[in-house]
S.K.: 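Okay, here's the structure, questions in a sec.
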Amino acid sequence: MDAKAVEVLAREAGLSRALDKFPDDVAAAAAQAADLARRLGPPADPLAEPWPPMKVGAPR
């Protein structure tokens with residue numbers, strides 16, 4: 001992932017301060033996330049929830 005894409009994504013994610021103070025760490029985290037997303041591949045059913053939805057209250 002190029003540096004400009006990392007910068008745009010980090011700022012959109014609200015990580016401006018982290019990007020300003022630790023640009024190498026933000027770039028490393030973005031590279032790890034991109035690699036993991038590449039290895040996982042697209043979901044079989046994009047509409048399916050990856051886990052049951054969280055609900056307020058005690059479990060039944």
S.K.: Excluding sequence neighbours, so at least two apart, what forms salt bridge (Lys or Arg N to Asp or Glu O under 4.0 Å) with Arg17?
M.R.: none
S.K.: For residues 19-40, which side-chain N or O atoms pair as donor and acceptor with protein atoms under 3.5 Å away, sequence neighbours left out?
M.R.:
unit_1	atom_1	unit_2	atom_2	d
Asp20	OD1	Arg11	NH2	3.2
Asp35	OD1	Arg38	NH2	2.5
Asp35	OD2	Arg39	NE	3.2

S.K.: List, by chain and number, the other hydrophobic cluster members for Leu15, where Ile, Leu, Val, Met, Phe, Trp and Tyr join if side-chain heavy atoms come within less than 4.5 Å, directly or indirectly.
M.R.: none
